[in-house]
Amino acid sequence: MNYDQIAEQYESWGKGATTDWELGHKNVAKLLEPLSGKKVLDFGCGNGKFSNYLNNFGAEVVGVDISKSQLDIAKKVSDKNITYFIDTDPTVEEKYTNYFDAGVMIFVLCEISSVEIMGNVLSRVHKLLKSGADLVILNPNWDKSNGRDFLTHQMEYQPDLKIGGPVTTILKGNPPIHVPDFYWTKETYLEMLEKAGFSNFEIHEPLAPNDGNLWKDEKEYPPFLIIKAKNG
């Protein structure tokens with residue numbers, strides 16, 4: 001997905017992405033508590049919305065992304081004490097190896113087309129985190145929610161889920177945004193995390209609470225798969 005082409009549209013959709021925020025982002029943040037004073041790597045930070053959220057709780061955040069347009073938006077809307085880097089900037093490895101107390105990867109691994117690339121990305125993140133640091137990753141939960149319709153997005157039904165095969169998430173914007181992803185099982189993610197040096201896995205699949213929101217399939221089918229791992 002070339003987010004440079006849809007950066008403004010994606011940023012606008014994200015402001016009202018209730019499913020993502022209430023069941024995804026906020027649960028990721030809870031798994032990293034306490035956040036105050038913690039050095040956090042937001043790898044695949046996009047337009048900085050989650051970097052800002054973590055920063056509001058006192059975390060020292062560094063965001064990395066491949067999209068210059070997304071980072072341009074992030075720099076405009078973020079607090080000045082959040083640092084952003086384009087993914088190809090060698091400064092990241094030079095300055096931040098073994099630096100971070102925690103890391104997050106929000107909808108990153110689901111956009112990777114091969115296990116080889118996934119392994120390389122996870123190895124890079126492993127080097128940036130301190131020993132014992134927590135890494136929390138968030139991805140769509142295709143095994144539990146294939147074809148399901150949620151409040152702010154829909155998982156387009158794929159009749160034959162093949163590992164590494166294409167899947168599409170439709171973000172309910174005006175116009176809708178069709179996001180092409182790749183299907184990876186929970187077992188694939190765990191295997192690749194372990195190969196990269198992570199352990200002590202926790203699996204979370206949040207459902208919608210009875211909180212007054214007009215939820216759709218979120219009450220019975222978990223939209224997201226959240227994995228927490230320990231570095232080392």
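A donor-acceptor pair under 3.5 Å links the side-chain atoms of Ser145 to the main chain of Pro222, judged by distance alone. Using modelled atom types, no side-chain atom of Asn98 and backbone atom of Leu128 make a donor-acceptor pair closer than 3.5 Å. With hydrogens and angles ignored, the 3.5 Å screen pairs a side-chain donor or acceptor of Asp217 with a backbone N or O of Asp149. At distances below 3.5 Å, at least one donor-acceptor pair connects side-chain atoms of Asp65 with backbone N or O atoms of Gly46. One N or O on the side chain of Asn139 and one on the backbone of Cys110 form a donor-acceptor pair closer than 3.5 Å. At distances below 3.5 Å, at least one donor-acceptor pair connects side-chain atoms of Trp184 with backbone N or O atoms of Ile112.
The residue from Lys76, Lys75, Lys68 that alone fulfils the side-chain hydrogen bond (donor to acceptor under 3.5 Å, both in side chains) condition with Asp72 is Lys68.
For the atom pair Leu151 CG and Thr19 OG1, the distance stands at 4.5 Å (nearest 0.5 Å). To the nearest 0.5 Å, atoms CD (Glu94) and CG (Asp89) are separated by 8.0 Å. Atom CZ of Phe43 is separated from atom CG of Leu122 by 9.0 Å, given to the nearest 0.5 angstrom. The distance from the CG atom of Asp20 to the CZ atom of Phe50 is 11.0 Å, given to the nearest 0.5 Å. Taken to the nearest 0.5 Å, the OG atom of Ser51 stands 9.5 Å off from the CG atom of Leu71. Here Glu194 contributes atom CD and Phe201 contributes atom CZ; the two are 5.5 Å apart, rounded to the nearest 0.5 Å.
Using cut-offs of 30° and 60° for the angle between ring planes, the His25 and Phe107 rings count as perpendicular.
In this structure, Met155 and Pro223 approach most closely via the heavy-atom pair SD-O, 4.2 Å. When all heavy atoms of Asn210 and Lys219 are compared, the closest pair comes out as OD1-NZ, 2.6 Å. Counting all heavy atoms, side chain and backbone alike, Trp21 lies closest to Lys49 at CH2-O, 3.6 Å. When every heavy atom of Leu35 is checked against every heavy atom of Ala29, the shortest pair comes out as CD1-O, 4.1 Å. Pairing each heavy atom of Leu109 with each of Tyr189, the nearest pair is CB-CE2, 3.6 Å. Taking every heavy atom of both residues into account, Glu202 and Leu31 meet most closely at OE1-CD2, 4.2 Å.
Linking ILVMFWY residues whenever their side-chain heavy atoms come closer than 4.5 Å, directly or via other members, leaves Val40 and Val62 in distinct clusters. Grouping the Ile, Leu, Val, Met, Phe, Trp and Tyr side chains by contacts below 4.5 angstrom, directly or via other members, places Ile203 with Met192. No single ILVMFWY cluster, assembled from side-chain heavy atoms under 4.5 Å apart, contains both Leu129 and Val104. Leu41 and Met118 fall within the same hydrophobic cluster, where Ile, Leu, Val, Met, Phe, Trp and Tyr residues are linked whenever their side-chain heavy atoms come under 4.5 Å apart, directly or through other members. Residues Phe182 and Ile137 share a hydrophobic cluster, clusters being chains of Ile/Leu/Val/Met/Phe/Trp/Tyr side chains in contact below 4.5 Å.
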Checklist entry - Going through the checks in order, is the side-chain hydrogen bond (donor to acceptor under 3.5 Å, both in side chains) test met by Glu60 and Tyr99? => result CA-CA 11 Å; Glu60 175 193 321; Tyr99 179 84; 2.5 Å; yes
Checklist entry - How far apart are the C-alpha atoms of Asn52 and Leu54, what are their side-chain angles, what is the distance that settles it, and do they pass the side chain to side chain contact (heavy atoms under 4.5 Å, CB included) test? => result CA-CA 5 Å; Asn52 272 293; Leu54 297 174; over 6 Å; no
Next on the checklist: Applying side chain to side chain contact (heavy atoms under 4.5 Å, CB included) to Glu218 and Phe224, what does each step give before you reach the verdict?
Outcome noted: CA-CA 10 Å; Glu218 290 97 334; Phe224 306 120; over 6 Å; no
Item to check | Verdict with reasoning, Leu171 to Val179, per side chain to side chain contact (heavy atoms under 4.5 Å, CB included) | outcome: CA-CA 7 Å; Leu171 309 182; Val179 179; 3.8 Å; yes
Item to check | Test log, rule salt bridge (charged side-chain N to carboxylate O under 4.0 Å, His left out), inputs Lys144 and Glu205 | outcome: CA-CA 9 Å; Lys144 298 288 182 70; Glu205 298 173 302; 2.9 Å; yes
Item to check | Stepwise side chain to side chain contact (heavy atoms under 4.5 Å, CB included) test for Asn231 and Leu135 | outcome: CA-CA 7 Å; Asn231 190 28; Leu135 173 67; over 6 Å; no
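Within the 4.5 Å cutoff, no side-chain heavy atoms of Leu138 are placed close to those of Met105. A 4.5 Å side-chain heavy-atom check between Leu193 and Ile227 finds at least one atom pair inside the cut-off. Side chains of Lys38 and Phe57 form no contact here, defined as non-hydrogen atoms less than 4.5 Å apart. In this structure, the side chains of Val136 and Ile226 come closer than 4.5 Å at one or more pairs of heavy atoms. Here the side chains of Ile106 and Val28 are in contact, with some heavy-atom distance below 4.5 Å. Contact check for Tyr183 versus Ile163: side-chain heavy atoms found under the 4.5 Å cut-off. Contact annotation: the side chain of Val125 never approaches that of Phe100 to less than 4.5 Å [non-hydrogen atoms, C-beta and beyond]. No side-chain heavy atom of Glu220 sits under 4.5 Å from any side-chain heavy atom of Arg148.
Looking at Asp134 and Lys230, a side-chain N of the basic residue comes within less than 4.0 Å of a carboxylate O on the acidic one, giving a salt bridge. Asp87 has a carboxylate O that lies under 4.0 Å from a charged side-chain N of Arg124, or vice versa, which qualifies the two as a salt bridge.
Side-chain rings of Tyr221 and Phe150 stay apart, their centers remaining 6.0 Å or farther from each other. Annotation: His126 is in aromatic contact with Phe198 [ring centroid separation under 6.0 Å].
Enclosure of atom NZ in Lys130 by more than 12 non-hydrogen atoms of other residues, nucleotides or ligands within 6.0 angstrom is indicated.
Applying the side chain to side chain donor-acceptor pair (under 3.5 Å) definition to pairs two or more places apart or across chains, none involves residues 154-164.
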